[in-house]
Number of protein chains: 2
Amino acid sequence: MSTADQAILQQPTREEMRVEQVLHALGDPVRLMIVQALAAAPEGVACGVIPLPVTKSTRTHHLRTLREAGVISMRTEGTRRMSTLRRDDLDALYPGLLDGVLAAPR
Amino acid sequence: MSTADQAILQQPTREEMRVEQVLHALGDPVRLMIVQALAAAPEGVACGVIPLPVTKSTRTHHLRTLREAGVISMRTEGTRRMSTLRRDDLDALYPGLLDGVLAAPR
DNA sequence: CCGATTGTACGACATCTGTCGAAGTTCGAC
DNA sequence: GTCGAACTTCGACAGATGTCGTACAATCGG
């Protein structure tokens, strides 16, 4: 590995984020479940421990969609991938959006 | 016409609205333009006057998607269809969501 | 009544998207 | 070194979705 090795997977900067992409990422039932699970665990969660009604590969697909939209951040930790909500960036760009989504009646 | 004639087109009640459907509706560039245009005109806007890069039929399609998700309300007024944002319902169900979306950097 | 204006309905079509299974990769433990 | 655990990658595939053009419907003004 190089000395500049990054444990954090590629994700858009705050400037690169687009609201329609964020909304599209949030507009899927499985991805919304992931976001709700991450909201309850500010320190991050291993992808695998979130209960989801899909297979591993589909899970990977949704996590990448969320990451590329800028909704979550992922870092490698051993063989685990830890995910966290990018709360600060989302709140800065779209104040109230995330809270509104999380406040939705279940 | 019957005495119970309704000028307001069918739309979900507040209880019937689902957050993932709302987010999905908002997650399209054209529909987002519509919402931004409606946000600037609380009294309602005729569908046709919103500048959009699509044809009439596509416009109708997007307006129906927004209406069926509960984002907008439509009523007939002569040969016009007036659309309005369902601000009160959205704010009640998902406080902050709409404001966050509208605050997005253009 | 006629025509113009507005918008909807329908069918077609290319693309996107969510889903899966199988195979590959990376890391930690023994 | 070998095994298992945790994810990713790839290819495939069915269904959803955005788009258009044409045809149809309703309303208002002369």
Side-chain angles (χ1 to χ4, degrees), chain A residues 1-2 5-11 18-35 37-38 41 44-69 71-84, chain B residues 1-2 5-11 18-35 37-38 41 44-69 71-84:
Chain A
M1 71 169 83
S2 77
D5 191 10
Q6 289 260 65
I8 299 181
L9 299 206
Q10 195 177 15
Q11 61 184 32
R18 293 186 315 161
V19 64
E20 64 266 22
Q21 199 177 351
V22 170
L23 290 168
H24 179 260
L26 294 175
D28 176 275
V30 174
R31 290 194 288 262
L32 202 50
M33 289 184 220
I34 296 175
V35 169
L38 291 185
V45 166
C47 312
V49 307
I50 306 174
L52 292 178
V54 294
T55 64
K56 276 190 307 177
S57 37
T58 303
R59 188 183 297 252
T60 296
H61 164 66
H62 286 306
L63 285 165
R64 180 174 46 183
T65 300
L66 286 169
R67 176 170 53 82
E68 290 179 348
V71 177
I72 68 174
S73 188
M74 293 173 73
R75 67 179 191 280
T76 299
E77 205 159 280
T79 128
R80 303 261 177 92
R81 288 266 208 242
M82 302 300 284
S83 300
T84 56
Chain B
M1 74 167 83
S2 78
D5 192 8
Q6 289 261 66
I8 301 181
L9 299 205
Q10 195 177 14
Q11 61 183 32
R18 293 186 317 159
V19 65
E20 65 266 23
Q21 199 177 351
V22 170
L23 290 168
H24 180 260
L26 295 175
D28 176 275
V30 174
R31 291 194 287 264
L32 202 50
M33 290 184 218
I34 296 175
V35 169
L38 292 185
V45 167
C47 313
V49 308
I50 305 173
L52 292 177
V54 294
T55 64
K56 275 192 308 177
S57 36
T58 302
R59 188 183 297 253
T60 296
H61 165 67
H62 286 306
L63 286 165
R64 180 174 45 184
T65 300
L66 286 170
R67 177 170 52 83
E68 290 179 349
V71 177
I72 68 174
S73 189
M74 294 173 72
R75 66 179 193 280
T76 299
E77 206 160 280
T79 130
R80 303 260 177 92
R81 288 265 209 243
M82 302 300 285
S83 300
T84 57

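Quick caveat: nothing in here was measured; it's all calculated off a predicted structure. All chains are named by letter (A, B, ...) in the order of the sequence lines, taking the proteins before the strands, and each is independently numbered beginning at 1.
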- Message: Testing the basics here: between B:M74 and B:C47, what is the closest heavy-atom pair and its distance to 0.1 Å?
- Response: CE-SG, 4.0 Å
- Mark yes or no for whether B:R59, through its side chain, and B:I50, through its backbone, hold a donor-acceptor pair below 3.5 Å. yes
- Note on the structure: d(A:M33 CE, A:L38 CG) to nearest 0.5 Å is 13.5 Å
- How would you list, by chain and number, every residue that makes a side-chain hydrogen bond (donor to acceptor under 3.5 Å, both in side chains) with A:H62, sequence neighbours excluded? A:R31
- What distance separates A:L32 CG from B:L23 CG, expressed to the nearest 0.5 Å? 6.5 Å
- Message: For a 4.5 angstrom cut-off between non-hydrogen side-chain atoms, does B:L9 reach B:R75?
- Response: no
- Message: At 10 degrees resolution, what angle do the end axes of the helix from C:dC1-D:dG30 to C:dC30-D:dG1 form when each is taken over five base pairs?
- Response: 30°
- Can you name the salt bridge (Lys or Arg N to Asp or Glu O under 4.0 Å) partners of A:E68, sequence neighbours left out? none
- Message: Protein within reach of the bases, or only the backbone? For nucleotides 4-12 of chain D, mark each nucleotide 5' to 3' as B, S or -, using heavy atoms under 4.0 Å.
- Response: --SBBB---
- Message: A:R64: which residues meet the salt bridge (Lys or Arg N to Asp or Glu O under 4.0 Å) condition with it, sequence neighbours left out?
- Response: none
- Give a yes/no on whether any side-chain N or O of B:H24 is located under 4.0 angstrom from OP1 or OP2 of D:dA16. no
- Side-chain donor-acceptor pair present, B:S73, B:R67, cut-off under 3.5 Å: no
- Message: Return whichever of A:T55 or A:T76 has its heavy-atom-nearest nucleotide of DNA chain C closer to the 5' end.
- Response: A:T55
- Check every nucleotide of DNA chain C for an atom under 4.0 Å from a heavy-atom of chain B, then give the first and the last such nucleotide from 5' to 3'. C:dT5 to C:dA9
- Message: Nearest 0.5 angstrom please: B:I34 CD1 to B:T65 OG1, how far?
- Response: 9.0 Å
